[in-house]
Amino acid sequence: MKLTLYGAANEVTGSCNLLEHGRSRILVDCGMFQGRDHLDRKNNIPPHLGAKTLDAVLLTHGHLDHCGRLPLLMRSGFRGPIYATKGTIEIAKIILADAANIQENEVGRLNRKRARAGLRGLKPLFNMHDVEQVFSHFHPVELGADFSIKDELNVRYYEAGHILGSASITVTANVNGTQKKLVFSGDLGQFDVPLMRDPAVINNADAVIMESTYGDRDHRTVSDTVSEFESIIKEAIRTRSKILIPSFAVGRTQSILYHLAEMFRNGIVEPIPIYLDSPMAIAATKIYLDFAELMDPEISELLSSGQLRKDLSTLQLCETAEQSQALNAIDGPCIIIAGAGMCNAGRIVHHLKHNLWKQNCYVIIVGYQAKGSLGRLLVEGAKKVKIMGDTISVGARIASLGGFSAHAGQSDLLRWLAPMADSKPLVILNHGESHALNLLSEKIREKFALHPDVPRMADSLVLDEKAFANR
Ligand SMILES: [Zn+2]
């Protein structure tokens, strides 16, 4: 059995794990590298990955950094099933369609510039046709139900509590006469937060491939985060400011809306207009409503009683570009929620360009900002930034609210690993920057006396009897 990481090795994005065993070759996730340019040269399918000879893809969830290279995989000749939960399939559909759109638009814009400079045109990484190829290969799976690949690998999906449909995946196989269980964490959510269910408890494992995004720290508690969010909103209302919330369309947006609803319902702040300025976030919110049974039971009740709709009576949906542009002329106080979450594309870029220089503007960062993204520069206190070729000085107040993260913090990562630790698994850490990987690794050594491996890009780990015996 051999595992090779083709992404999210010593970094957060680009998740892609190749598992080879006997006659079977499968991928767990096939995500895009983000944070720099979409046309990043790393966003390809390496020939030695052998797209045509892969038997299947197991998709943990619908975020672009986990599914964004699937269209390229189809282009490279992959024709097998892409297994995912129903929630994930719906989410991945809107995320991939949006990615194709963004790329076609961006490349169009770049090409107009390049043409004026006498340069050759660029091509988008993929288009809608490629994305539709992916859709036709999706194969829905239920949480907790077993299925097999080539009668050789037994697969089961578990709740991961990260976003709607998200899953951890176990793959069990016979290695030289004994059954070995591999656990792929996927992205893990926080325990005990509203909206999402807790990540499932998985007992026993021979190897655990585990995300480490926030392996270096704990988030602030949800209640501290909500208090801070409330005071920013109060202050913004007092100063009649615009509040810009760059938000991932899936997960974070719904969680922000949930907390705003609660704030309005409890009379903590007066209801102010909320503009959900993202067709993708609007579509994702509809999917969340359609699959309410996959979320925390409290949500189903708020929905069926009509309470949530009442709480969010000031919510306006901006589907069209005209509706989005019209927001430039609107004065605060108001809240604009727009994508992309890391401020490197989408409508938020326009809102930042128009408002970032102003004093009566707040930018609330609610999610992970990859190195090199505009959001990361803002969080790190940049005084000036470049947006669409223009230099914009930063007059707005930038606030970072870690507690709304859809990712487990360090303590929750350890809590998830704990029920497996007694079986002394090989622990393989991925999906983290080096600082997070090192600190999580240290914690796991201290707490469980396990010695995690931190593979580099394209490193292969041979999981044979010797490897399992030496753990
Ligand atoms: Zn994710």
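Bear in mind that the values here come from a model prediction, so they are computed numbers and not experimental data. As the structure lists them, so they are numbered: ligands from 1, and atoms in each ligand from 1.
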Q: Answer yes or no: are there more than 12 heavy-atom neighbours, outside Arg309 itself, under 6.0 Å from its atom CZ?
A: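 Not more than 12 within 6.0 Å, no.
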Q: In His162, what N, O or S atom is nearest to the Zn ion (ligand 1), if we give its atom name?
A: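 Checking each N, O and S atom of His162, the shortest distance to the Zn ion (ligand 1) belongs to NE2.
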Q: Identify the residue among Asp187, Thr85, Thr88 that makes a side chain to side chain donor-acceptor pair (under 3.5 Å) with His61.
A: Asp187
Q: So, Glu152 and Ser24: side-chain donor and acceptor under 3.5 Å apart, yes or no?
A: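 Looking only at side-chain atoms, Ser24 and Glu152 do form a donor-acceptor pair, the distance falling under 3.5 Å.
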Q: Need one value: angle at the Zn ion (ligand 1), His63 atom ND1 versus His61 atom NE2, rounded to 10 degrees.
A: 100°
Q: Could you tell me whether the Zn ion (ligand 1) has an N, O or S atom of Asp187 under 2.8 Å away?
A: yes
Q: Would you compute the distance between atom CD1 of Ile336 and atom CG of Asn355 and round it to the nearest 0.5 angstrom?
A: 6.5 Å
